[in-house]
Amino acid sequence: MKARPVRRCKRPAYPTRLDVAADPALLERHLPEGWKRSARLAAAAAMLAGAGTAALTPGCASGPPAEVAPIFDHGSGRGALGCVMVVPPAFLSEEEALQVISEVLAEHGFTASGTAPALKGVTFAGHRLNPEAVTYADQFSSTRTPLVPDFFDAARNVAVEFVSTADYFPLGGEISDMSVQSYDLKGIAHSAAGAVNKHGSGVYFGALYDPTASVKFDVDYPREGTANYREEVEAWQQKSREAVDAAKEESKELLREQLKDFVDWLKGQGVI
Amino acid sequence: MTPEIGRRVLDMAAQTGEKSCGIIFFGGEPLLHRDLIYDLVDYGETHPTGQRYHFKVTTNGVLLDEEFLAYSLRHNILVAMSFDGVREAHDVHRRFPDGSPTFDCLLPRLQLLLSARPYSSVYTVVNPDTVPYLADSVAFLAGLGVRYLIVSLNYAAPWDEASFAVLARQCEKLGDLYIQWTRANRKFYLSPLEVKLSSHINCDCYHQDRCELAQRQLSVDHEGYLYPCVQFVRAGRESGWCIGNVFDGIDESARQRIRAASNQEKESCADCTVKGRCNNTCGCLNWQTTGTVNAVSPVLCRYEQMLMRVADRVGKKLYRERNALFLHKHYNAAYPVLSLLEDAADPAGPVSSR
């Protein structure tokens, strides 16, 4: 057996004390269960942490701050549409994602409570697509969009927002002025989580995003003029659809991984 | 050790200028000489200089009884006990001189200790032949109510690839237990993982917790000779490791020589990117395993890397969950006080009852 130095290593994925010192509210937002139950202990925690007691005292008038899950990194969350040079990923629709979200959360006893209410105080400066636009300049109009989570369990105050391409512009995604539109859905999930963290209250919130798995399809389009051209085109189209379906399945699996982490986080919060 | 030598040790400690000096009785078995302990504690409590001391006894538990525990409570003496976990692990190496096992004798004593002093530390030593029981042993001890568990490897044992593979699996299980207990809001201290988490979280401050040979603590043998650490006592007073005695004081040149040797860059660690998080600075451990204070045992090297991987997995997982107990335990400097306040407010709460 030999001593072998570590030549390269990844930085651990949890912060140092100095990192946390830059965000002192982190400790105030996350109090151990036993401390939350005791107003005296919460007050002592605040005093020792050098913070005010209002945010720590259960039942204070302004309500408890929102508990916001980190963004769980499964899938790039990036993709583009437009020019023929672009190979788009298989974007998931809101409905497809909600199906996965509902299934996974139902396994842990969560039920969607009909139409979710908008999260109070959380709005985004974004854009809305104008379907009746005549000119390019008219196709988007500025809007202030409230955040209405895609999934909300009222009994346990758990809200989930799935960031899809449909959310991209309303939630502040950048509009391209070229023939290719890029989407940074993970980036929007981060900003949604940040907004809820800053302005939200009384909810356990998770922002998930479309993992945007790549379509793996490398089949040449049939050459025209062959005897079986029509059949070959149909076969090509079938393979293309299969490749998109496979990518969507991969995206759904990555979304399940995000949900798995979210459920673990909820366990850590004592919600489960 | 005579009472006179013991008193000279306390006198020497009083000259350090520390507000409160720590005196640890260990051996051998310190409870074989409990009258000496009583004498020295009494001397410390009424020391002519007014110096304050805090005392600790590390025992194998055989002679631990209600009388000593009552005394320890009256005089605020911490008691730590060695216990290796489940019977299959404990009885392999912890035997009476006649070869009979000690598990059945020591288990009630451990329970007695925990009922009297619930925060007592328990020391567990892991050998290649007991490593398959490591996670079970930790779970077993936690089940008994142990909150402070110090798990150490016997670095001098014949570790090989096969036993290390078992150790790796067991350490992963310890990581799983750590996550599980933290999620359950259960308070505990599990030494190897806490230390490795701290080595990242506390960055440069972690160096304060690392061993500095002959600097912050000394070991005294029964004749009053001084050594940089307990491992060196067996080298004897004629060895280069003896750095004075309680009558003539510390030989500063010997102390500095040892410090300088220990602080030398370890050749095998020169290019290592995680050396700042490693226990490679423990000179006595290096000396025990390699015969020199500035060469690192391959066993230590492998184990430290293994622990870092597990600790980082645990840290990543619990941080991503924003687990409140994890955050406060590791990032809130006031956590020990707040935790004690919580326990005092609710001694029969869910944590204490586990």
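Residue numbering restarts at 1 for every chain, and letters A, B, ... go by the order of the sequence lines.
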Contacting region of [X] [heavy-atom separation from chain A under 4.5 Å]:
X: B/Lys317; answer: side chain
X: B/Ala270; answer: neither
X: B/Arg302; answer: side chain

So which of B/Asp312, B/Asn323, B/Val296 has the biggest tally of heavy-atom pairs under 4.5 Å with chain A? B/Asp312
Is A/Phe262 in contact with chain B via its backbone, its side chain, both, or neither, using a 4.5 Å heavy-atom distance? neither
Checking A/Val6 against chain B: side chain, backbone, both or neither under 4.5 Å from a heavy atom? both
With side chains defined as the heavy atoms from C-beta onward, is the minimum distance between A/Tyr14 and B/His200 less than 4.5 Å? yes
Is B/Val299 close to B/Thr289 at the side-chain level, that is, under 4.5 Å between some pair of heavy atoms? no
Under the side chain to side chain contact (heavy atoms under 4.5 Å, CB included) test, residues paired with B/Tyr148 that sit two or more places apart: B/Tyr119, B/Ser121, B/Tyr189
Go through the structure and list residues passing side chain to side chain contact (heavy atoms under 4.5 Å, CB included) with B/Gln288, not counting sequence neighbours. B/Ala156, B/Gln231, B/Arg234, B/Leu285
Does B/Arg186 make a cation-pi contact with B/Phe188 (under 6.0 Å, within 45 degrees of the axis)? no
Find the one option among A/Gly268, A/Pro70, A/Ala69 whose heavy-atom pairs under 4.5 Å with chain B are most numerous. A/Pro70
Are the charged groups of A/Glu96 and A/Lys248 less than 4.0 angstrom apart, N to O? yes
